[in-house]
Colleague: 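Starting off with a structure, shown below.
These numbers come from a predicted model, not from an experiment.
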Amino acid sequence: MEEEKPWALVSEVGGENGYLEELADIPKQHFQIICYREFLQNPVLHGPKIQALLIWKYCPAAEPSLLRLLPSLKVVASAGVGIDHLDVPFINSLGVKVANTPRVVSNATADFAMGLLLASARKILEGHHIAVDPKTTHIPQSLMGVEVTGSTLGIIGMGEIGYKIAQRSRGFEMKILYHNRTRRSTEDEQAVGAIYCESLDYLLRRSDFVMIAVKLTSDTTGLIGHRELSLMKPTATLVNISRGQVVDQNALVKALQLATIRAAALDVTHPEPLPRDHPLLSLPNVLITPHIGISTYNTASRMVEKMVENALAGVKGLPIPNEVKLK
């Protein structure tokens with residue numbers, strides 16, 4: 001019966017931060033849904049009914065001002081693996097569980113990471129613009145790219161996504177270095193031919209491509225700055241699929257302008273989108289995409305399904321499959 005379904009608060013259906021119509025049908029099968037805009041029209045009426053907050057594209061934001069309007073809330077279920085937008089200790093202090101959707105995003109993100117690397121290395125976007133330009137009468141020599149096969153890839157962050165990137169890079173016969181908070185097992189390393197670098201500096205000096213795949217934490221904020229960029233080869237490319245705050249963007253602009261490094265390929269910036277006059281947007285040696293590493297229909301559908309699974313468990317008082325538990 002519809003009236004027996006628990007209530008969940010979502011952002012919206014459609015719109016910039018909303019669910020696609022076909023995705024919105026997934027939570028509707030298990031929850032009575034109320035959109036944030038409707039909720040705000042009468043929070044005193046709606047607030048006590050809400051038992052689950054489903055966060056999609058960081059919306060609705062789990063701010064204290066909102067959470068305090070939800071006295072019956074039992075679980076905050078967020079899409080994606082990152083939790084930097086959630087104050088987990090505060091949410092837990094309210095007696096509310098937090099869940100994310102790890103693993104379901106890993107393949108799509110790793111695919112996209114390799115796509116960024118290849119597009120930057122081989123000037124695919126520039127080539128497209130020249131190929132479709134009505135003024136083009138010849139192909140310029142400036143489209144010469146750099147070799148990917150046999151090059152050295154340095155992966156910063158060898159969690160599940162980083163490891164899947166390593167698996168894919170093996171198809172390009174790349175030499176793999178990695179730096180991680182904890183070393184992977186010997187079996188994992190041998191499976192992809194990865195070499196552990198205890199020193200980040202060592203990795204930066206020797207890599208032709210530096211791939212950032214870390215979580216955003218206080219330790220990784222500003223991880224790549226002026227000093228780190230200066231250690232990279234002048235022929236190297238920086239690829240970031242983690243979070244924009246991991247890289248000092250002012251330092252990156254300078255490194256790209258001075259040719260300290262060859263290029264950058266970014267699926268993430270800070271903020272998103274960047275101000276339209278930001279210098280990164282006008283540099284010829286940077287490729288930027290709008291945080292779409294997980295944007296496939298299959299992945300999005302699995303994410304929503306996992307959100308709903310987590311939320312239902314939280315509402316029913318059952319163990320939550322992907323509960324976020326801080327160490």
Colleague: Using side-chain contact (heavy atoms from CB on, under 4.5 Å), reason through Met232 and Thr260 one step at a time and then give a plain yes or no.
Modeller: CA-CA 8 Å; Met232 292 173 60; Thr260 303; over 6 Å; no
Colleague: Any side-chain heavy-atom pair from Ile241 and Leu266 closer than 4.5 angstrom?
Modeller: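 Counting from C-beta outward, Ile241 and Leu266 never come under 4.5 Å.
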Colleague: Knowing that exactly one of Leu256, Ile261, Leu204 qualifies, which makes a side-chain contact (heavy atoms from CB on, under 4.5 Å) with Leu238?
Modeller: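 One option only clears the test, and that one is Ile261.
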Colleague: Would you say that Thr149 contacts Ser151 through its side chain, given a criterion of any heavy-atom pair below 4.5 Å between the two side chains?
Modeller: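 In short, these two side chains do not touch, never coming nearer than 4.5 Å.
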Colleague: Same cluster or not: Val96 versus Val324, using hydrophobic residues (I, L, V, M, F, W, Y) connected whenever any side-chain heavy atoms lie under 4.5 Å apart?
Modeller: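 Shared cluster, yes.
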Colleague: Using a 6.0 Å cut-off, check whether atom NZ of Lys254 has over 12 heavy atoms from anything other than its own residue.
Modeller: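 Open: at most 12 neighbouring heavy atoms sit under 6.0 Å from NZ of Lys254.
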Colleague: Do Arg302 and Asn107 have a side chain donor and acceptor closer than 3.5 Å?
Modeller: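 Their side chains do not contain a donor-acceptor pair, so the 3.5 Å distance test is not met.
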Colleague: How long is the gap from SG on Cys197 to CD1 on Ile156, to the nearest 0.5 Å?
Modeller: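 Reported to 0.5 Å precision, the distance equals 10.0 Å.
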Colleague: Show, in sequence, the C-alpha distance, side-chain angles and deciding distance for Gln249 and His270, and conclude whether the side-chain contact (heavy atoms from CB on, under 4.5 Å) test is met.
Modeller: CA-CA 8 Å; Gln249 289 180 163; His270 184 69; 4.2 Å; yes
Colleague: For His226, I'd like to know if atom NE2 has over 12 heavy atoms of other residues, nucleotides or ligands within 6.0 Å.
Modeller: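 Correct, the count exceeds 12.
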Colleague: For His85 and Ser78, does a side-chain donor sit closer than 3.5 Å to a side-chain acceptor?
Modeller: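 A pair is found: one side chain offers a donor N or O, the other an acceptor, under 3.5 Å apart.
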Colleague: Taking the side chain as every heavy atom from C-beta outward, state whether Leu116 and Asp267 have any atom pair closer than 4.5 Å.
Modeller: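 Yes - at least one pair of side-chain heavy atoms lies under 4.5 Å apart.
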Colleague: If you compare all heavy atoms of Ala24 against all heavy atoms of Val13, which two are closest, and at what distance to 0.1 Å?
Modeller: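 In this case the closest contact between Ala24 and Val13 is CB-CG2, 3.7 Å.
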Colleague: Any non-hydrogen side-chain atom of Asn322 less than 4.5 Å from a side-chain atom of Arg103?
Modeller: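 A side-chain contact exists here, since the closest heavy-atom pair is under 4.5 Å.
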Colleague: Can you tell me how far apart NZ (Lys164) and OG (Ser169) are? Round to the nearest 0.5 Å.
Modeller: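 With rounding to 0.5 Å, NZ (Lys164) is 13.0 Å from OG (Ser169).
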Colleague: As a quick check of understanding, evaluate side-chain contact (heavy atoms from CB on, under 4.5 Å) for Val308 and Glu305, giving each step before the final call.
Modeller: CA-CA 5 Å; Val308 169; Glu305 289 170 355; 5.9 Å; no
Colleague: Gln51 side chain to Pro6 main-chain N or O, any donor-acceptor pair under 3.5 Å?
Modeller: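 A pair under 3.5 Å: no.
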Colleague: So, the side chain of Asn240 versus the backbone of Arg243: is there a donor-acceptor pair under 3.5 Å, distance only?
Modeller: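 A pair under 3.5 Å: yes.
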Colleague: So, do Asp188 and Val192 sit near enough that their side-chain heavy atoms are less than 4.5 Å apart?
Modeller: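 Asp188 does not reach Val192 side chain to side chain.
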Colleague: Check whether any side-chain heavy atom of Met303 sits under 4.5 Å from a side-chain heavy atom of Ile294, and report yes or no.
Modeller: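 Yes; the side chains approach each other to less than 4.5 Å.
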Colleague: When hydrophobic residues are tied together by side-chain contacts of less than 4.5 Å, even through go-betweens, does Leu177 share a cluster with Leu153?
Modeller: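 Different hydrophobic clusters.
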Colleague: Has the side chain of Lys5 got a donor or acceptor atom that lies under 3.5 Å from a matching backbone atom of Lys28?
Modeller: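 Yes; at least one donor-acceptor contact below 3.5 Å.
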Colleague: Does a side chain donor of either Thr299 or Thr296 reach within less than 3.5 Å of an acceptor in the other side chain?
Modeller: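 Result is yes, a qualifying pair exists.
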Colleague: Determine whether His278 and Val253 make a side-chain contact, defined as any pair of heavy atoms from C-beta on separated by less than 4.5 Å.
Modeller: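 Heavy-atom side-chain distance check passes, below 4.5 Å.
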Colleague: Within the 4.5 Å heavy-atom criterion, are Val315 and Val75 side-chain neighbours or not?
Modeller: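 Side chain of Val315 against side chain of Val75, heavy atoms only: contact under 4.5 Å found.
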Colleague: Examine Arg37 relative to Phe39 and say whether NZ or CZ is less than 6.0 Å from the centre of the six-membered ring and inside a 45° cone about the ring axis.
Modeller: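 No, a cation-pi geometry is absent between Arg37 and Phe39.
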Colleague: Hey, does the side chain of Thr269 reach the backbone of Pro271 with a donor-acceptor pair shorter than 3.5 angstrom?
Modeller: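 Side chain of Thr269 to backbone of Pro271, a donor-acceptor pair under 3.5 Å: yes, one is there.
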Colleague: Pick from Thr217, Leu200, Val247: which one makes a side-chain contact (heavy atoms from CB on, under 4.5 Å) with Leu223?
Modeller: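 Result: among Thr217, Leu200, Val247, Leu200 is the only option passing the side-chain contact (heavy atoms from CB on, under 4.5 Å) with Leu223.
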Colleague: Can you confirm whether more than 12 heavy atoms, excluding those of Lys49, are under 6.0 Å from its NZ atom?
Modeller: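 Result for NZ/Lys49: enclosed.
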Colleague: For Thr237, is there any backbone N or O sitting under 3.5 Å from a side-chain donor or acceptor partner on Arg262?
Modeller: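 No, because the side chain of Arg262 does not come within donor-acceptor range (under 3.5 Å) of the backbone of Thr237.
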Colleague: Applying a strict under-4.5 Å side-chain criterion to I, L, V, M, F, W and Y, I'd like to know whether Ile34 and Val44 cluster together.
Modeller: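 No; Val44 is not reachable from Ile34 via cluster members.
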Colleague: For atom CZ of Arg122, decide whether the heavy atoms of other residues, nucleotides or ligands shown that lie under 6.0 angstrom number more than 12.
Modeller: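 No, not enclosed.
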Colleague: If only atom types and distance count, is the side chain of Ser72 paired as donor or acceptor with the main-chain N or O of Pro48 below 3.5 Å?
Modeller: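 At least one qualifying donor-acceptor pair exists.
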Colleague: Check the side chains of Glu12 and Tyr19 for a donor-acceptor pair under 3.5 angstrom, ignoring hydrogens and angles.
Modeller: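 Not at all, the side chains of Tyr19 and Glu12 share no donor-acceptor pair under 3.5 Å.
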Colleague: Okay, side chain of Asn310, backbone of Lys306: is any donor-acceptor separation there less than 3.5 Å?
Modeller: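 At least one qualifying donor-acceptor pair exists.
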Colleague: Would you call Arg183-Glu189 a salt bridge at under 4.0 Å N-O?
Modeller: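 Counted as a salt bridge, because a side-chain N and a carboxylate O are separated by less than 4.0 Å.
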Colleague: Taking Tyr178 for its side chain and Ala166 for its backbone only, find out whether a donor-acceptor pair lies under 3.5 Å.
Modeller: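 Pair absent, no side-chain N/O of Tyr178 close to backbone of Ala166.
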Colleague: With no hydrogens and no angle check, is any side-chain donor or acceptor of Ser282 less than 3.5 Å from a backbone partner on Pro279?
Modeller: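 At least one qualifying donor-acceptor pair exists.
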Colleague: Is a salt bridge present between Arg227 and Asp201, judged by a nitrogen-to-oxygen distance below 4.0 Å?
Modeller: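 Between Asp201 and Arg227 there is a salt bridge, with a charged N closer than 4.0 Å to a carboxylate O.
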Colleague: If hydrophobic clusters are built by linking Ile, Leu, Val, Met, Phe, Trp and Tyr wherever their side-chain heavy atoms come under 4.5 Å apart, do Phe209 and Tyr196 end up in the same one?
Modeller: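 Hydrophobic grouping puts Phe209 with Tyr196.
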Colleague: With a 6.0 Å cut-off (strictly less than), is the heavy-atom count around CD of Gln29, excluding the residue itself, greater than 12?
Modeller: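 Count over threshold, so yes.
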Colleague: Between Ile292 and Leu125, is there a shared hydrophobic cluster once you connect ILVMFWY residues whose side-chain heavy atoms come closer than 4.5 Å?
Modeller: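 Same cluster: Ile292 reaches Leu125 through Ile, Leu, Val, Met, Phe, Trp or Tyr contacts under 4.5 Å.
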Colleague: Closest heavy-atom contact between Ser11 and Pro60?
Modeller: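 Where Ser11 meets Pro60 most closely, the heavy atoms are N-CD, 3.6 Å.
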Colleague: Say whether, by atom type as modelled, one donor and one acceptor occur between the side chain of Asp208 and the main chain of Thr152 under 3.5 angstrom.
Modeller: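 Yes, the answer is positive, given that a donor and an acceptor are paired below the 3.5 Å cut-off.
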